[in-house]
K.L.:
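Submitted below is the structure of interest, expressed as structure tokens.
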Amino acid sequence: MFIIEKIEAAAAEAKGRPAVISGEKKLSYGELWERSDALSVYLEEVLGDNRMPLVVYGHKDPMMLICFLACVKSGRAYCPVDVSMPPERVCDIAETVGNGLILAVEEPEAVPDGMGILRKGDMDKAINARLGERFPRTKWVKPEDTFYIIFTSGSTGKPKGVQISAQALTRFTDWSKTLGGEPEEKKGAVFLNQAPLSFDLSVMDVYTSLTSGGTLYCVEKEVQRDMGKLMEALGGGKINYWISTPSFADMCLSDKTFNEGLISDLKAFLFCGEKLTKTTAARLMERFPKARIVNTYGPTESTVAVTGTEITEEMLEAEGELPIGYAKEGTEIEIDGETGEIIIVGDTVSKGYYRDSAKTVKAFGRKADGRLFYRTGDQGFMKDGMLYYHGRLDLQVKLHGYRIELGDIECNIRDIAGISAAAVVPKYQDGKVKHLTGFVVRDYREEFKDDTGERLAAVREIKGKLKESLPEYMVPKRIVFMESLPMTQNGKTDRKKLEALV
Ligand code: AMP
């Protein structure tokens, strides 16, 4: 069955069950299905034949899911943008996506000139006036059509939009339902949503839940920032399946009450997005002896994840890092003989970056038998069908689970007036990035006379400027001024030397 039909079937079976709980807000399956139909009727009235994708801006309001479904039911892909994106990026993305309208569940600080905004209040009014109207299913996105576009950091300072088709998403959920237990056990279960809806990790919880008739239990960013509130929310959620980055679990582990007593119905932790360390896995096993721990791996470009394995005690005791899993059905992993690069071949690979053929041809291709492949930039190796991760071939890093191209930050620092060169370098601990340092060369200037005041003011100015163009997690924690950046023999920035300084 196709993804929207699966949600339809779940909605028909579980009409009164909450599809989403976010703070005080709840939305039942019946409401989700009916309200998204009504909104798609309205979108059709407003947009007519304009089937361009639509940006959906907001955070974790249940209305976000109504918008997502309304878009795809009306034959349009959606592009989720979280409120953590600064206005400049929101405008960039909205311009690239190219529809003259954005759906705004929260109020954006800025939108491109001339762009229309459909606000939550107006959507609610439009929906209420059309409740009960059915939208023709012949207009739904087709399996090969793009279902969503998720933007990720791009090395040239502009984010790139990964297009995922409805059939890729269908195949992904067919597999994700088998993770950490049988698909049957997931029926009506509660799934934790930690990641913002604009990150592809959230696709794992949103669509595994919606196709299982489950309840998506969202933890909003304000709650995530306050450990007391966070533990209270986690404790009150009756969560069965935990989907997050390992970093988020690490943060929770710093609270002593985070254990089986707090989340007694927990069946499994499903991790993705960054390295799962043995330390994290071991601590979770100790605190949640009944829950399974599953490590999955994959980039946004191949629909969330393509390999996965349950972590066992034997794996913890074995030499080396934890494995990242076996390939799912429909996916084949190849390792480039020369570079060790992981190449993903299979049925959930994206058709490429939206309106960016140059970047698409660099990373994507088609095998002779027609299957799509994606060059991940990750290094790895296989042992008895099991994949192991071995770092990156380029300057992409993961910081607290966020995917960041160091080049993206560097371009944005260089764009600040008075700066001539910049290099951003990660500080590693236990194989994971702890924080970033920006090494910055200013145009010819007097050296700082007093070491504190002026320097601090300059740091503050750079960070302030960066926050206008980058999400907060991309702004380097430390800024260090240099007269010039160290160079290698062949004239490139000597990153090794800089790494030794952080
Ligand atoms: P994203 O597109 O944000 O999901 O990021 C994808 C990248 O995250 C991959 O290319 C890897 O570099 C990294 N990654 C994802 N899952 C894992 C994992 N289980 N272990 C190590 N790195 C991972």
Side-chain angles (χ1 to χ4, degrees), residues 80 82 148-155 159-164 168 172 176 179-180 194-205 243-250 269-281 293-311 315 320-328 331 333 335-336 339-344 348-350 353 359 363-364 373-381 386-406 408 426 428 430-433 471 473-474:
D82 188 70
Y148 65 76
I149 301 175
I150 281 185
F151 276 79
T152 85
S153 177
S155 56
K160 47 192 188 202
V162 181
Q163 309 177 81
I164 296 297
F172 168 72
S176 65
L179 297 170
Q194 168 255 325
L197 300 174
S198 55
F199 287 91
D200 93 320
L201 174 58
S202 71
V203 169
M204 182 161 351
D205 42 79
I243 293 107
S244 84
T245 57
S247 289
F248 182 73
D250 279 337
F269 290 94
L270 310 182
F271 290 120
C272 191
E274 61 174 346
K275 180 177 165 175
L276 173 67
T277 64
K278 285 185 168 174
T279 319
T280 306
I293 299 173
V294 179
N295 192 15
T296 73
Y297 156 86
T300 306
E301 285 85 341
S302 64
T303 322
V304 193
V306 288
T307 67
T309 184
E310 188 178 333
I311 300 299
M315 288 176 184
E321 312 278 1
L322 291 175
I324 55 177
Y326 299 103
K328 68 162 191 59
T331 292
I333 299 292
I335 305 288
D336 184 304
T339 59
E341 183 172 16
I342 300 174
I343 300 163
I344 299 172
T348 55
V349 170
S350 155
Y353 301 114
K359 284 202 180 110
F364 294 91
F373 70 83
Y374 171 66
R375 299 191 150 272
T376 60
D378 291 320
Q379 269 180 319
F381 60 91
M386 181 74 98
L387 185 62
Y388 290 79
Y389 176 77
H390 198 60
R392 290 287 305 175
L393 283 159
D394 58 11
L395 297 178
Q396 182 182 301
V397 296
K398 278 283 171 138
L399 175 61
H400 308 314
Y402 293 114
R403 170 169 161 179
I404 299 172
E405 290 284 354
L406 297 177
D408 193 353
Y428 283 94
D430 197 10
K432 286 174 79 168
V433 177
Y473 60 80
M474 285 176 78

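For this chain, numbers begin at 1 and follow the sequence in order. For ligands, and for the atoms within them, numbers begin at 1 and follow the listed sequence.
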K.L.:
Atom SG of C272 and atom CG of D205: how far apart are they, to the nearest 0.5 Å?
P.N.:
11.0 Å
K.L.:
Got a donor-acceptor contact below 3.5 angstrom from the T280 side chain to the D250 backbone?
P.N.:
no
K.L.:
Can you check whether Q379 reaches R392 side chain to side chain, under 4.5 Å on heavy atoms?
P.N.:
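In short, these two side chains do not touch, never coming nearer than 4.5 Å.
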K.L.:
For ligand 1, which is the ligand I care about here, please tell me if R403 has any N or O atom under 3.5 Å from one of the ligand's N or O atoms.
P.N.:
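Yes, at least one N or O pair falls under 3.5 Å.
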K.L.:
Tell me whether T303 contacts the main-chain N or O of T348 through its side chain, where contact means a donor paired with an acceptor under 3.5 Å.
P.N.:
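Side chain of T303 to backbone of T348: a pair is present.
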K.L.:
Heavy atoms, side chains only, cut-off 4.5 Å: are P299 and V162 in contact?
P.N.:
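No, their side chains stay 4.5 Å or more apart.
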K.L.:
Give the atoms of ligand 1, by number and element, whose distance to some non-hydrogen atom of T300 is under 4.0 Å.
P.N.:
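With T300 as reference, the close atoms of ligand 1 come out as 1 (P), 2 (O), 3 (O), 4 (O).
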K.L.:
Select one of side chain, backbone, both or neither to describe which atoms of E274 lie under 4.0 Å from any atom of ligand 1, heavy atoms only.
P.N.:
backbone
K.L.:
May I ask whether A305 places a heavy atom under 4.0 Å from ligand 1?
P.N.:
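The answer is no: ligand 1 sits nowhere under 4.0 Å from a heavy atom of A305.
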K.L.:
Please identify which atoms of ligand 1 are closer than 4.0 Å to at least one heavy atom of G298.
P.N.:
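Ligand 1 atoms under the 4.0 Å threshold to G298: 4 (O), 6 (C), 15 (C), 16 (N).
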K.L.:
Specify the protein heavy atom at minimum distance from atom 1 (P) of ligand 1: its residue, its atom name, and the distance to 0.1 Å.
P.N.:
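Answer, as residue, atom name and distance: K398 NZ, 3.3 Å.
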K.L.:
I want to know if ligand 1 touches N295 in the polar sense, i.e. an N/O pair below 3.5 angstrom.
P.N.:
yes
K.L.:
Flag the pair E405 and K359 as a salt bridge only when some basic side-chain nitrogen lies within less than 4.0 angstrom of an acidic carboxylate oxygen.
P.N.:
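Salt bridge: no.
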K.L.:
Output all residues satisfying ring pair (Phe, Tyr, Trp, His ring centres under 6.0 Å) with Y388, sequence neighbours left out; order by chain, then residue number.
P.N.:
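Here the qualifying residues are F381.
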K.L.:
List every atom of ligand 1 that sits less than 4.0 Å from any heavy atom of K275, numbering the atoms from 1 in the order shown and giving each element.
P.N.:
20 (N), 21 (C), 22 (N)
K.L.:
Using a 4.0 Å cutoff against the non-hydrogen atoms of R392, which atoms of ligand 1 qualify?
P.N.:
10 (O), 12 (O)
K.L.:
Heavy-atom contacts with D200 under 4.0 Å: which atoms of ligand 1 show up? List them by number with element.
P.N.:
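Listed by number with element, the hits are 4 (O).
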K.L.:
Considering only heavy atoms, does V304 approach ligand 1 within less than 4.0 Å through its side chain, its backbone, both, or neither?
P.N.:
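Contact part for V304 vs ligand 1: neither.
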K.L.:
When you look for heavy atoms under 4.0 Å from ligand 1, do you find them on the side chain of T296, its backbone, both, or neither?
P.N.:
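Contact part for T296 vs ligand 1: backbone (N, CA, C, O).
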K.L.:
Flag G273 as yes when one of its N or O atoms lies below 3.5 Å from any N or O atom of ligand 1, and as no otherwise.
P.N.:
yes
K.L.:
Taking only heavy atoms of D378 into account, list the atoms of ligand 1 that are under 4.0 Å away from them.
P.N.:
9 (C), 10 (O), 11 (C), 12 (O)
K.L.:
Which one holds for Y297 and ligand 1: side chain close, backbone close, both close, or neither close, with close meaning a heavy atom under 4.0 Å?
P.N.:
both
K.L.:
Can you check whether I164 reaches I150 side chain to side chain, under 4.5 Å on heavy atoms?
P.N.:
no
K.L.:
Check ring pair (Phe, Tyr, Trp, His ring centres under 6.0 Å) between Y428 and all other residues, then give those that pass, not counting sequence neighbours.
P.N.:
none
K.L.:
Using only atom types and a distance under 3.5 Å, with no angle test, would you say the side chain of D200 pairs donor to acceptor with the backbone of V304?
P.N.:
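Pair found, side chain donor or acceptor close to backbone of V304.
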